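Input: a single structure, listed below in structure tokens.
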Amino acid sequence: MVNLNVKIGDLVLQNPVMTASGTYGYGPEFDDFVDNNKLGGIFVKGTTLEHREGNNYPRMAETPSGMLNAVGLQNKGVDYFCKEIYPVIRHYNTHIFVNVSGSKVDDYVKTAERVGDLEDIPGIELNISCPNVKEGGMAFGTSCSAASEVIKAVRKVYKKTLIVKLSPNVTDITQFAQIAENEGAEAISLINTLLGIAIDAKKQKPVLSTITGGLSGPAIKPVALRMVWQCAKTVKIPIIGMGGIMNATDAIEFMLAGATAVQVGTANFIDPAVTMKIIDGLNSYCIEHNIKDINDIVGLIIKKS
Amino acid sequence: MKQIQDFNVLKNRRLNADHYILELQSKHPIEDVCPGQFVQIEIPDSKTTFLRRPLSVHFYDKSKNMLSLYVRIVGEGTKYLGMVNENDTLNLVYPLGNKFTLVNKKKVLLVGGGSGIAPLLLLASELQKSGNEVVILLGARTADGLLEINTFEKYGKVVTTTNDGSAGVKGLVIDHPVMKDQNKFDFVYTCGPDVMMKAVGEWAKNLNIQCEVSLENTMACGIGACLCCIQKTVRGNLCVCTDGPVFNFNDVVW
Ligand SMILES: Cc1cc2nc3c(=O)[nH]c(=O)nc-3n(C[C@H](O)[C@H](O)[C@H](O)COP(=O)(O)OP(=O)(O)OC[C@H]3O[C@@H](n4cnc5c(N)ncnc54)[C@H](O)[C@@H]3O)c2cc1C
Ligand SMILES: Cc1cc2nc3c(=O)[nH]c(=O)nc-3n(C[C@H](O)[C@H](O)[C@H](O)COP(=O)(O)O)c2cc1C
Ligand code: FES
């Protein structure tokens with residue numbers, strides 16, 4: 001028997017495979033394709049204090065080995081989540097994390113407080129890295145002082161597992177990893193999408209209504225791997241790695257680079273059952289390589305060098 | 001229930017330079033499909049596309065595990081898909097989306113243009129089964145673009161328009177005499193270019209006829225998870241892939 005359990009703070013995940021915020025709805029969208037109870041965790045859609053309509057259509061552009069999105073945090077607000085969504089998903093036998101977003105520090109704090117009252121939500125992911133909103137979002141994840149202010153304020157009111165999601169749109173991501181650790185986060189997750197543009201040469205116009213959008217998918221995997229590796233050398237708290245994971249081999253690469261767990265995002269659009277295949281693939285990899293505990297491969301390339 | 005299922009290509013039938021019909025069959029029982037629903041298809045052997053492509057179910061035969069797709073080539077994905085051979089395998093996520101409202105024993109008009117005729121065949125056949133008087137109005141730029149007329153004729157009366165007058169009535173669908181007949185229809189269904197759907201919808205609205213449109217917004221997931229396909233409606237932003245693709249004309253903010 002291979003041990004696939006990993007730990008994020010005090011939480012034990014039954015395996016390291018989780019789903020990335022904004023790419024998996026709330027979970028029930030995938031009930032026809034997967035057994036959500038088998039996941040290591042589900043990160044639900046970005047949730048804000050108030051209802052948000054998001055950006056105008058078009059919000060999506062396909063790009064080489066990936067896609068740009070400019071959804072802009074469309075959601076019905078935290079109260080709607082608590083009343084309408086939480087009762088439906090709380091019984092999944094997996095950890096459900098709420099991705100908390102906002103435009104002001106106070107919004108983050110209030111949203112985190114509301115989610116903190118929900119018994120079956122063991123943690124939040126503080127999204128200080130959304131590139132698709134005009135105010136807030138990435139602004140918090142690209143300035144050291146703003147990042148530490150918002151993490152500190154949320155930490156004060158939120159006692160359960162706090163994960164900070166980092167933006168790759170910075171010169172030195174390790175500074176932000178360090179801030180998250182210093183401010184008392186249990187873990188960091190990375191990377192959010194990379195800022196990009198798609199242009200329609202025929203129409204001589206940008207494809208997205210917002211001009212810029214966030215790049216995801218295999219196109220960003222090498223950048224994500226590099227950033228996970230850099231952060232793993234910098235902080236002691238666990239890292240949740242993501243960015244272009246399409247199969248078990250990709251997930252293994254992230255773990256070798258220093259991720260304790262992973263999130264699968266865009267791949268869910270192409271194969272809605274991909275997460276189950278990745279879990280099985282991790283197990284087979286361990287058997288093939290005679291690994292008894294998956295934790296043994298975490299950061300292996302750092303240990304070896 | 002939604003499925004991820006492999007289908008074999010029975011036939012890849014070229015209709016003209018940029019349209020083809022794929023007839024697909026599965027070795028296993030297939031799901032029920034309603035008129036208006038679509039599939040997300042994986043594009044095989046494509047070096048440039050990444051996401052699946054949404055395509056309406058053109059026709060289906062549950063007893064034979066068969067369904068067909070009517071495709072217009074507009075870019076890389078639809079081009080590569082058109083190069084599949086008999087016995088190739090295609091992977092589908094289906095059935096997706098809502099469905100057209102099926103009425104009984106009424107006079108109904110179906111208006112299609114371009115690849116928008118794709119979902120109308122299954123719709124026409126179901127409407128005919130439930131005792132409706134079905135009129136199908138198909139529009140194209142030239143006679144060469146009026147495709148599958150014979151197939152549509154099995155399920156109703158077919159009338160046509162072309163911009164250049166090379167077949168049917170000269171002009172746009174909205175210029176066809178069938179649309180000048182006041183209060184003749186109880187229900188109108190339309191799919192095609194936005195300008196066409198808008199013109200047909202406005203016409204129906206003025207005559208107080210119920211009108212449903214099928215939208216073709218670009219999609220990533222097709223299952224309501226990514227919120228990329230949204231359409232502005234009187235009820236706020238809705239997902240074309242789950243709340244649609246079929247909408248009441250009056251609900252859509254154009
Ligand atoms: C629910 C639904 C059902 C559909 N049913 C059918 C069908 O039955 N038959 C059919 O031929 N097509 C259908 N479409 C449209 C089809 O999905 C697109 O034409 C296809 O995805 C284009 O892929 P591509 O790789 O060939 O083109 P791309 O390379 O992706 O795009 C090429 C060009 O076409 C434009 N384009 C891309 N997608 C669309 C779109 N959805 N509508 C209009 N222009 C677009 C792009 O802006 C670009 O300029 C449907 C779309 C939806 C959402
Ligand atoms: C359509 C879409 C919506 C997203 N929405 C959010 C979000 O609300 N909050 C967030 O933190 N990240 C969001 N992301 C980023 C993903 O969670 C993930 O960080 C990124 O896509 C990289 O992983 P991937 O390449 O596996 O998709 C979104 C990504 C996509 C593609
Ligand atoms: S395409 Fe993802 S929500 Fe509609």
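Quantities reported herein were computed from a predicted structural model and do not represent experimental measurements. Quick note on labels: first sequence line is chain A, next is B, and so on, each numbered from 1.
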Nearest heavy-atom pair of Gly217(A) and Phe50(B): which atoms, and what distance? CA-CZ, 4.4 Å
Enumerate the inter-chain donor-acceptor pairs under 3.5 Å for chain A and chain B, one line per pair.
| unit_1 | atom_1 | unit_2 | atom_2 | d |
| --- | --- | --- | --- | --- |
| Asp32(A) | OD2 | Lys2(B) | N | 2.9 |
| Glu53(A) | O | Asn237(B) | ND2 | 2.7 |
| Glu53(A) | OE1 | Asn237(B) | N | 3.1 |
| Glu53(A) | OE1 | Asn237(B) | ND2 | 3.4 |
| Asn56(A) | OD1 | Lys232(B) | NZ | 2.9 |
| Tyr57(A) | OH | Thr218(B) | N | 2.8 |
| Tyr57(A) | OH | Thr218(B) | OG1 | 3.3 |
| Arg59(A) | NH1 | Leu227(B) | O | 2.7 |
| Glu62(A) | OE1 | Arg53(B) | NH2 | 2.8 |
| Glu62(A) | OE2 | Phe50(B) | N | 2.8 |
| Glu62(A) | OE2 | Leu51(B) | N | 2.7 |
| Glu62(A) | OE2 | Arg53(B) | NH1 | 3.0 |
| Ile270(A) | O | Arg52(B) | NE | 2.6 |
| Ile270(A) | O | Arg52(B) | NH2 | 3.0 |

Which residues satisfy the salt bridge (charged side-chain N to carboxylate O under 4.0 Å, His left out) test with Arg226(A), sequence neighbours excluded? none
State the CZ-CG distance between Phe269(A) and Leu51(B), to the nearest 0.5 angstrom. 8.0 Å
